Q: 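First the structure, which I've put down as structure tokens, then a few questions once you've had a look.
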2 protein chains.
Amino acid sequence: MATIKDVAKLAGVSVATVSRVINNTSRVTPETREAVTKAQDELNYHPAVSQKFSSRQDSEIVGMTIADHSDPYFGQMVKVVDQSATKEGMSLIVNAGYHDAGRERQCIEELIQKRCRIIIAHTVLLRDELLTRYMANQKSMILINRKLPGFEDRCVYLDDEGGAYLAVKHLIQNGHSKIAYIRSSHQIADAEMRFRGYVRALEEAGIMFNPALVVSADPTPQGGEQGAEALLNLSQQFTAIACYNDMQAAGAMAILSDNDIRIPEHVSIIGFDNTAISRYLHPRLTTIMNPVSAMAMSAFAIGLAIIREQDTKVQSRVFTPTLIKRFSVRDLRAF
Amino acid sequence: MATIKDVAKLAGVSVATVSRVINNTSRVTPETREAVTKAQDELNYHPAVSQKFSSRQDSEIVGMTIADHSDPYFGQMVKVVDQSATKEGMSLIVNAGYHDAGRERQCIEELIQKRCRIIIAHTVLLRDELLTRYMANQKSMILINRKLPGFEDRCVYLDDEGGAYLAVKHLIQNGHSKIAYIRSSHQIADAEMRFRGYVRALEEAGIMFNPALVVSADPTPQGGEQGAEALLNLSQQFTAIACYNDMQAAGAMAILSDNDIRIPEHVSIIGFDNTAISRYLHPRLTTIMNPVSAMAMSAFAIGLAIIREQDTKVQSRVFTPTLIKRFSVRDLRAF
DNA sequence: GTGAAAGCGCTAACAA
DNA sequence: TTGTTAGCGCTTTCAC
């Protein structure tokens, strides 16, 4: 691989001059520029970015940690941050932890070692203590989907409890009272919060919480299938199922349909997240809007404000989920 | 941010020693190691990776370009490469071009500038000429989903034409002859190849190709909706629709269903790619398996073999799609 | 086992 | 406008 020296030699100029034409950081005669450019592509020269910033302080790269590249939920987040970063002339690196605490930590460590200017971390398995240390040292590190005591101004998250509450309340308002819940088997905060929202909605309506109506499964379509099967095997009565997320809802719907249980005629179902898929299920799935893109944008904006030393108060931190009515919930009161 | 110097000073040793304990590249007394480690986390020191490799030749990073982070199709690819890379102790950087030729080029350029050891490029808009130049200079650059003349040994791709042929042939074998096709509006090779497969299957069966039965749309659910609407408005007769991909099929199914057209009773439908979503549509979608993961693994393996100077002949390059029968195609001959 | 010092490829200050 | 040179933070010889 050719270096700046090679280019300089071939063009008959100094490395400084080459550097100048590359970054056009100062005036250069058309002839020298020409000579340099020519040498440059004759040698197929590509400046090594890592060196570019080694002499200076900064790096112009934003780092991000997510759980899983193949999960469209994160895909959406990454896309938004990527495009925002590009707009600011920064590049993006994203590391995935795949639901493993050790890897999650390594992801963050790697971003620090790569000297990212901004770090947006979706980390769910790291202990508060460790995370606190990272946050304290990385001034432009933002947490997404997590509320860390002492760093509220750098946390962006959804009101998960409120979202689930909204979902279940919607079912109740439609006359449902025997409401099953498929929760996420992952030991993470939002799983717990959503579950609490379910319980609160029930309590508020004076409906007895029945533990037998709650099953735990992976937050995936497969999980939804298993959850629905478990629910059917219980032979408990229920007229509706609330799910941890749309993926589970998709799986559950498939199983119900396989068993000739019609949605929403026989059983109503409600999801969470408003994943792209939810609009294309049959029937189109009623769900809770999770403004992932807006949250990701906000996280990036906060990070940017920090490194630009601008006011950071403008950005939203906690996001409110909203109900998206489609066709998977039946109004029992009408009959 | 603390540097290796700071650590050395605090630990009362030389930078060389610090470097040694960090990489444990040579024996060090337990006491010095202890002192260094202590200084290290007292200062919250994280070695700057970019510098680590600046003195040497290599970088231990693999780069990848894709079209869109939010597309699960690419998410799957990225995940596989990520995990393979991690297994080899390498890290991954991925850049997305978002269906823009300029950005696509920039993505590759960036990976080169970051000195990736292996580059896996999914690039569809770059001209052969330009790509040839990159391939010639980057010996461990692999193309995915593209066949570039002269570099066949570094191209991994699917037989798209064969896949679409398979899909349409399946419809024909089930007694269909009025078969509509929703093609991708993107000007890319695989869109063209899949379309050709459709035409060839028709021709081979002696069915007249009817241009009026072909509509063009985005390779997304929205595109599928538009495509299906267009098809319905044409008021042409058809008993089946073959789609460019599963996303389009999902959108098309929703529209048909909205119009009380039953699948597969009234209209059969077949997708392409076997995206996760396809199993959860109603009815479960018959589609063509696109072994993205296997292809991505193979691409990485080829890259790895190249930098390891190992035999590269072992890996598969062209992948064969297979039919996945589910419930969206009706057998007309049975009636 | 450890340190001094050269070198990696680049930028930026300072001279010319 | 251009060249010289110090320096960025790290690794790696080569002595000791």
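Throughout, protein chains are lettered first and strands after them, A, B, ... in sequence-line order, and every chain is numbered starting at 1. Everything quoted here is computed from the prediction, not taken from an experiment.
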Q: Consider the side chain of Lys5(B), meaning its heavy atoms from C-beta on, and name the nucleotide among dC8(D), dA12(C), dC10(D) that approaches it most closely.
A: dC8(D)
Q: For Pro47(A) and Arg115(B), work out which heavy atoms get closest and say how close.
A: C-NH2, 3.9 Å
Q: In whole angstrom, what separates Phe53(A)'s CZ from dC10(D)'s C1'?
A: 18 Å
Q: Quick one: is Ser14(B) getting a side-chain N or O under 4.0 Å of the dG3(C) phosphate, OP1 or OP2?
A: yes
Q: Ile4(A) CD1 to dT4(D) P: how many Å, rounded?
A: 14 Å
Q: Measure the spacing between NZ of Lys147(B) and CG of Leu158(B) and express it to the nearest 0.5 Å.
A: 13.0 Å
Q: What is the distance, rounded to the nearest whole Å, between atom CD of Gln51(A) and atom P of dG9(C)?
A: 7 Å
Q: Can you check whether Val81(B) reaches Val62(B) side chain to side chain, under 4.5 Å on heavy atoms?
A: yes
Q: Ignoring hydrogens and angles, answer whether the base of dG9(C) and the side-chain atoms of Ser50(A) contain a donor-acceptor pair closer than 3.5 Å.
A: no
Q: Mind checking the CD1-CD1 spacing from Ile118(B) to Ile61(B)? Nearest 0.5 Å is all I need.
A: 11.0 Å
Q: Below 3.5 Å, does any donor atom in the side chain of Arg20(B) face an acceptor in the base of dG3(C), or the other way round?
A: yes
Q: Contacts to DNA chain D from residues 22-32 of chain A, heavy-atom cutoff under 4.0 Å, which residues?
A: Ser26(A), Arg27(A), Val28(A), Thr29(A), Thr32(A)
Q: Between atom NZ in Lys114(B) and atom C1' in dC8(C), what is the gap in whole Å?
A: 20 Å
Q: For Val49(B), which contact category applies under a 4.0 Å heavy-atom criterion: base, sugar-phosphate, or nothing?
A: nothing
Q: Would you say the side chains of Lys79(B) and Ser293(B) form a donor-acceptor pair under 3.5 Å?
A: no
Q: Tell me: CZ of Arg115(B) to C1' of dC10(C), nearest whole Å?
A: 11 Å
Q: Closest nucleotide of DNA chain D for Val18(B) versus for Arg33(A): which of these residues is on the 5' side?
A: Arg33(A)
Q: In this structure, are over 12 heavy atoms from other groups packed under 6.0 Å from Met193(B) atom CE?
A: yes
Q: Quick one: is dT2(D) close enough that its OP1 or OP2 comes under 4.0 Å of any side-chain N or O from Thr17(A)?
A: no
Q: To the nearest Å, how far apart are Gln113(B) CD and dG9(C) C1'?
A: 13 Å
Q: Enumerate the residue pairs fulfilling ring pair (Phe, Tyr, Trp, His ring centres under 6.0 Å) with a member in residues 106-132 of chain A, sequence neighbours excluded, ordered by first and then second residue.
A: Phe74(A)-His122(A)
Q: Would you indicate which nucleotide in dT11(C), dG9(D), dG9(C) comes nearest to any side-chain atom of Thr3(B)?
A: dG9(D)
Q: Should the heavy atoms of other residues, nucleotides or ligands under 6.0 Å from CD of Glu152(A) be counted, would the total exceed 12?
A: yes
Q: Looking at dC8(D), dT11(C), dG9(D), which one has an atom nearest to any side-chain atom of Ser54(A)?
A: dC8(D)
Q: Estimate the overall bend of the helix from dG1(C)-dC16(D) to dA16(C)-dT1(D) from the end axes over five pairs each, rounded to 10 degrees.
A: 40°
Q: Please report the distance, rounded to the nearest Å, between CD in Glu60(B) and P in dT11(D).
A: 13 Å
Q: Taking all non-hydrogen atoms of both residues, which atom of Ile302(A) and which atom of Ile142(A) are closest, and how far apart?
A: CG2-CD1, 3.6 Å
Q: Quick one: which of dG9(C), dG3(C), dG9(D) gets closest to the side chain of Ala48(B)?
A: dG9(D)
Q: Distance check needed: dC8(D) C1' versus Met1(B) CE, whole Å only.
A: 15 Å
Q: Nearest 0.5 Å, what's the CE-CG distance between Met135(B) and Leu148(B)?
A: 6.0 Å
